[in-house]
Amino acid sequence: MITGKTKLLGVIGHPIAHSLSPIMHNAAIAQIGLDYAYLPFLVKPEDLRRAVDGFAAIGLQGFNITIPHKQAILPLLTEVSPVAQAIGAVNTVWRTDEGWSGTNTDVTGFLHPLAQLECDWSQTIAVILGNGGAARAVVAGCAQLGCAEIQVVGRDVHKLEAFLASWVGSPLAVNVQVHPWPHLPQLLPRAGLLVNTTPIGMVPHVERSPLSPNEADSLSPSVIAYDLIYTPSPTVFLQQATERGAIAIDGLEMLIQQGAAALEIWLQQPVPVDIMRRSLQQHLNRL
Ligand code: NAP
């Protein structure tokens with residue numbers, strides 16, 4: 001129930017109507033029994049500063065940030081965590097006496113399912129498909145795991161060069177190499193962790209995969225295939241990998257865990273991750 005004392009949290013993006021964050025955050029808040037509400041806010045790029053000033057004026061406690069504001073928010077913050085600085089993107093913001101502080105919980109979310117596996121990451125070659133925003137969190141996560149190699153494959157050579165340059169001098173000690181897409185067949189048989197950060201295979205184009213049938217056949221049976229996409233589940237990419245005997249991880253747990261990490265920052269207490277997971281599984285008809 002909304003009361004006169006209800007504290008506000010939210011998520012800003014453009015578009016925002018597709019966001020699943022209000023579902024899982026409000027489910028967790030209701031379970032804990034706190035007088036908070038989490039709302040979606042549609043904010044156009046040109047309105048970002050006014051929106052953030054407005055949030056300060058109305059006493060919003062904190063908010064998530066999604067496309068297209070994850071980089072643009074940085075100059076509006078008084079403090080940015082080292083991991084968010086290294087990635088160059090913020091997805092979680094909270095109030096301080098000085099203003100707004102920000103961090104990026106996507107790395108925590110990405111790493112959570114991998115932390116459940118017993119792997120010698122120091123021997124693992126990570127191959128990352130795509131070099132967009134999510135790939136940055138994945139690279140930071142692979143660096144945190146201590147992967148032997150981090151190989152990023154993309155389709156635009158200029159963007160790949162810029163991606164590579166952005167990690168030079170990174171406080172995360174990221175050691176990354178980049179490759180144009182035609183190099184993928186040489187990398188695949190060596191991949192111990194293969195992460196799809198492209199939208200290939202996402203609804204509505206669910207029949208697509210970033211791997212051709214021949215490329216999928218070249219995968220090692222011991223590969224861990226991780227798709228950041230969570231609809232459909234499994235994607236064709238994950239089906240190809242499991243047919244080879246691989247471990248498959250979809251993007252739902254990453255979504256849940258990045259949200260749980262953000263909610264813990266705002267509420268400063270443990271949050272019911274199982275309730276957050278169940279609310280999304282119900283919403284996505286995955287129970
Ligand atoms: P983004 O910044 O737009 O990056 C997408 C990347 O995929 C870019 O490198 C893009 O290349 C590449 N790409 C797109 N279409 C391609 C194609 N047909 N062939 C080859 N490469 C292609 O998007 P993002 O924010 O990183 O998100 C990427 C995916 O991750 C989305 O499916 C998103 O839903 C998912 N995601 C999931 C979570 C989670 O919590 N599970 C979190 C974040 C993102 P160009 O730059 O050359 O266009």
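In each ligand, atom 1 is the first atom listed, and ligand 1 is the first ligand listed. One-based numbering along the sequence shown.
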Could you give the side-chain donor-acceptor pairs of residues 260-272 under 3.5 Å, partners two or more places apart or in another chain?
from   : atom 1 : to     : atom 2 : distance (Å)
Trp266 : NE1    : Val93  : O      : 2.9
Gln268 : NE2    : Ile265 : O      : 3.0

inquiry  = Regarding Arg136 and Ser166, do their side chains bring together a donor and an acceptor under 3.5 Å, going by distance alone?
reply    = yes
When the side chains of residues 32-41 are checked against the rest of the protein, which donor-acceptor pairs come out under 3.5 Å, sequence neighbours left out?
from  : atom 1 : to    : atom 2 : distance (Å)
Asp35 : OD1    : Thr6  : OG1    : 2.7
Asp35 : OD2    : Thr3  : OG1    : 2.5
Tyr38 : OH     : Asn64 : OD1    : 2.6

request  = Collect the protein residues that have a non-hydrogen atom under 4.0 Å from ligand 1 and hand them over in chain and number order.
outcome  = Ile67, Gly130, Asn131, Gly132, Gly133, Ala134, Arg155, Asp156, Lys159, Trp181, Thr197, Thr198, Pro199, Ile200, Met202, Leu228, Ile229, Tyr230, Gly251, Met254, Leu255
request  = Under the salt bridge (charged side-chain N to carboxylate O under 4.0 Å, His left out) rule, collect the residues that match up with Asp217, sequence neighbours excluded.
outcome  = none
Exam field: side chain Gln258 to backbone Leu255, donor-acceptor pair closer than 3.5 Å =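 Yes, Gln258 side chain to Leu255 backbone: donor-acceptor pair under 3.5 Å.
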key: Minimum side-chain heavy-atom gap Leu211-Leu184 below 4.5 Å   =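 A side-chain contact under 4.5 Å exists here.
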